[in-house]
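Heads up: numbering here begins at 1 and tracks the sequence. Atoms considered below: every heavy atom in the structure, side chains included; atoms not considered: hydrogens, waters and symmetry mates. In this text, all values refer to a predicted model and were calculated from it rather than measured experimentally.
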Amino acid sequence: GKTGISISEIGLGCWTIGGPNWGRRSWPNGWAPVNKSEVIEAVSYALDNGVNHFDNADVYGNGRAERILASALASYSQVVIISSKVGWFKGTARHAYEPKHIRHQCEQSLINLKRDYIDIYYFHHGDFGPNDCYLDDACGMMNTLKTEGKIRCIGLSAYSEKDFKRLIPKIKPSVVQSWAHIMDYHFIAPNSSLMQLCERYTISFIAFSPLNQGILLGKYKSSNPPAFPYGDHRQKSEKFKPGYLTKAEIGIANISHLFGKSRKDLVRIALQFVLYHKNVAGVIPGFRNKDQVVMNLASRSKPLSGAEIALINKAFHSNNITVT
């Protein structure tokens with residue numbers, strides 16, 4: 001956007017380091033347990049190799065991911081760009097976007113992160129209550145936090161173009177965030193309604209799940225679908241069922257023939273495909289250990305050409321295998 005904030009194109013998403021977690025009605029919304037020492041080692045490597053952007057949220061492990069990140073960053077905490085979010089954890093509030101709850105969660109995130117300010121503070125979703133009844137006051141609180149210096153800029157994370165179209169003119173975020181990967185990149189496709197809004201309002205896009213939660217790396221097989229531990233959101237996800245994994249395998253086989261089949265090759269294709277698109281400021285793949293960060297960063301100086309993008313697109317979206 002117009003903020004002057006500069007991020008590394010490849011950052012790190014911190015949902016994965018929050019470990020197992022549960023939302024309303026005991027619905028799993030976390031990941032498998034992580035080893036804190038491995039996370040610290042991974043962050044240290046990332047810092048040494050140019051990463052300056054770390055994306056977090058209050059709901060990731062209900063504060064655990066923020067606290068682990070603070071421990072991992074140590075003295076570097078004040079010189080990197082840290083994002084966090086509010087919206088999915090509502091505590092005892094009627095709605096997570098009640099203004100006082102937003103302030104409380106921001107203050108708690110600052111404590112967890114051991115910082116005086118958050119660089120990018122996102123609304124985590126587009127549900128502002130019936131008829132957007134919380135929207136105006138929520139925006140007012142975000143702007144107050146910005147005036148007070150507790151946040152540097154306002155972001156919006158959402159999961160539908162309808163939400164982005166409705167909310168961007170009112171929130172006026174500097175940055176928006178959603179998923180984007182080879183198998184579903186409709187948000188960042190040229191001339192999509194979201195990209196038109198980004199052009200009109202000078203907004204940058206941050207892509208989460210650029211590896212499609214590891215599916216684009218060929219880690220999971222349709223013949224032997226993975227099982228995940230209690231508290232891992234992937235337990236309930238259709239993405240890890242045979243039908244979706246089969247579609248992924250077809251596309252992976254096609255690009256492996258063209259670009260190589262090692263996991264490092266597949267990471268490069270996945271990340272650079274997303275980064276190629278206009279208005280994409282960065283990608284934030286998840287991580288759990290140093291090896292994953294090493295693979296993510298191996299592609300940072302190997303962009304794709306327009307011709308290569310077209311080949312990858314054809315490999316995944318021919319023969320009616322387009323999926324979302």
Answer yes or no: is there a donor N or O on one side and an acceptor on the other, between the side chain of [X] and the main chain of [Y], under 3.5 Å?
{"X": "His125", "Y": "Gly87", "answer": "yes"}
{"X": "Ser299", "Y": "Met295", "answer": "no"}
{"X": "His277", "Y": "Phe273", "answer": "yes"}
{"X": "Asp55", "Y": "Gly13", "answer": "no"}
{"X": "Ser192", "Y": "Phe187", "answer": "yes"}
{"X": "Glu107", "Y": "His104", "answer": "no"}
{"X": "Arg103", "Y": "Thr144", "answer": "no"}
{"X": "Asn52", "Y": "Val80", "answer": "no"}
{"X": "Arg300", "Y": "Leu297", "answer": "yes"}
{"X": "Thr147", "Y": "Asn143", "answer": "yes"}

[X] [atom1]: over 12 foreign heavy atoms closer than 6.0 Å:
{"X": "Asn131", "atom1": "CG", "answer": "no"}
{"X": "Lys241", "atom1": "NZ", "answer": "yes"}
{"X": "Tyr159", "atom1": "OH", "answer": "yes"}

[X]/[Y] ion pair, N-O < 4.0 Å:
{"X": "Glu98", "Y": "Lys90", "value": "no"}
{"X": "Asp132", "Y": "Arg166", "value": "yes"}
{"X": "Asp232", "Y": "Lys236", "value": "no"}

Are [X] and [Y] side-chain neighbours, meaning at least one heavy-atom pair lies under 4.5 Å?
{"X": "Ile188", "Y": "Val274", "result": "yes"}
{"X": "Lys239", "Y": "Ile215", "result": "yes"}
{"X": "Leu197", "Y": "Lys165", "result": "yes"}
{"X": "Val43", "Y": "Leu47", "result": "yes"}
{"X": "Leu245", "Y": "Pro242", "result": "no"}
{"X": "Gln292", "Y": "Phe287", "result": "yes"}
{"X": "Pro190", "Y": "Lys278", "result": "no"}

To the nearest 0.5 Å, how far apart are [atom1] in [X] and [atom2] in [Y]?
{"X": "Ile203", "Y": "Leu156", "atom1": "CD1", "atom2": "CG", "answer": "8.5 Å"}
{"X": "Arg288", "Y": "Glu38", "atom1": "CZ", "atom2": "CD", "answer": "8.5 Å"}
{"X": "Arg152", "Y": "Ile82", "atom1": "CZ", "atom2": "CD1", "answer": "11.5 Å"}
{"X": "Ile255", "Y": "Arg268", "atom1": "CD1", "atom2": "CZ", "answer": "10.5 Å"}
{"X": "Leu113", "Y": "Arg67", "atom1": "CG", "atom2": "CZ", "answer": "10.0 Å"}
{"X": "Lys172", "Y": "Met142", "atom1": "NZ", "atom2": "CE", "answer": "15.0 Å"}

Q: Could you walk me through whether Leu194 and Ile168 pass the side chain to side chain contact (heavy atoms under 4.5 Å, CB included) test, one step at a time?
A: CA-CA 9 Å; Leu194 179 55; Ile168 283 175; 3.7 Å; yes

Nearest heavy-atom neighbours spanning [X] and [Y]:
{"X": "Ile182", "Y": "Ala270", "value": "CD1-CA, 3.9 Å"}
{"X": "Gly129", "Y": "Asp127", "value": "N-OD1, 2.9 Å"}
{"X": "Val283", "Y": "Pro210", "value": "CB-CG, 4.0 Å"}
{"X": "Pro20", "Y": "Tyr230", "value": "CB-O, 3.8 Å"}
{"X": "Lys261", "Y": "Leu266", "value": "O-CD1, 4.1 Å"}
{"X": "Leu304", "Y": "Glu308", "value": "CA-OE1, 3.3 Å"}

**Q.** For Ile120, the option from Pro173, Ser83, Ser204, Ser174 that meets side chain to side chain contact (heavy atoms under 4.5 Å, CB included)
**A.**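 It is Ser83, the one option of Pro173, Ser83, Ser204, Ser174 that forms the side chain to side chain contact (heavy atoms under 4.5 Å, CB included) with Ile120.
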
Q. Taking the six-membered ring where the residue is Trp, are the ring centres of Trp15 and His233 under 6.0 Å apart?
A.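 Yes, ring centres under 6.0 Å apart.
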
We want to know whether [X] and [Y] form a side-chain donor-acceptor pair, criterion being a heavy-atom distance below 3.5 angstrom.
{"X": "Asn62", "Y": "Asn21", "result": "yes"}
{"X": "Asn112", "Y": "Gln108", "result": "yes"}
{"X": "Glu66", "Y": "Asn56", "result": "no"}
{"X": "Trp22", "Y": "Asn29", "result": "no"}

Is there a path of hydrophobic side-chain contacts, each under 4.5 Å between heavy atoms, that joins [X] and [Y]?
{"X": "Phe89", "Y": "Trp27", "value": "no"}
{"X": "Val293", "Y": "Ile40", "value": "no"}
{"X": "Leu69", "Y": "Ile111", "value": "no"}
{"X": "Trp179", "Y": "Tyr276", "value": "yes"}
{"X": "Ile151", "Y": "Leu110", "value": "yes"}

(Q) Please determine whether side chain to side chain contact (heavy atoms under 4.5 Å, CB included) holds for the pair Val34 and Thr16, giving the CA-CA distance in whole Å, both sets of side-chain angles, and the decisive distance to 0.1 Å. (A) CA-CA 8 Å; Val34 293; Thr16 45; 5.7 Å; no

**Q.** Pairs meeting criterion ring pair (Phe, Tyr, Trp, His ring centres under 6.0 Å) with involvement of residues 191-225, two or more places apart
**A.**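 Pairs touching residues 191-225 that pass the test: Tyr220-Phe240.
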
Q.
Considering only residues two or more places apart or on different chains, which pairs with a residue in residues 128-157 satisfy ring pair (Phe, Tyr, Trp, His ring centres under 6.0 Å)?
A.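 Sorted pair list: His95-Tyr134, Tyr97-Phe128, Phe123-Phe128.
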
Q: For Gln177 and Ile284, run side chain to side chain contact (heavy atoms under 4.5 Å, CB included): C-alpha distance rounded to whole Å, both residues' side-chain angles, the deciding distance at 0.1 Å, then the answer.
A: CA-CA 10 Å; Gln177 182 181 127; Ile284 45 171; 4.0 Å; yes

Q) Does the ring of Tyr60 carry Arg64 above it, NZ/CZ under 6.0 angstrom from centre and within 45° of its axis? A)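 No, Arg64 does not sit over the ring of Tyr60.
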
Q) Cation over ring, Lys85 on Tyr122, under 6.0 Å and within 45°? A)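 Positive - Lys85 is close enough to the ring of Tyr122 and near enough to its axis.
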
Q | Derivation and outcome, side chain to side chain contact (heavy atoms under 4.5 Å, CB included), residues Glu199 and Asn279 | A | CA-CA 8 Å; Glu199 289 286 331; Asn279 297 314; 3.2 Å; yes

(Q) For residues 216-229, which residue pairs pass the salt bridge (charged side-chain N to carboxylate O under 4.0 Å, His left out) check, not counting sequence neighbours? (A)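 Listed once each, the pairs would be none.
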
Q | Working for ring pair (Phe, Tyr, Trp, His ring centres under 6.0 Å), residues Trp31 and Phe228 | A | CA-CA 8 Å; Trp31 290 76; Phe228 298 103; 8.0 Å; no

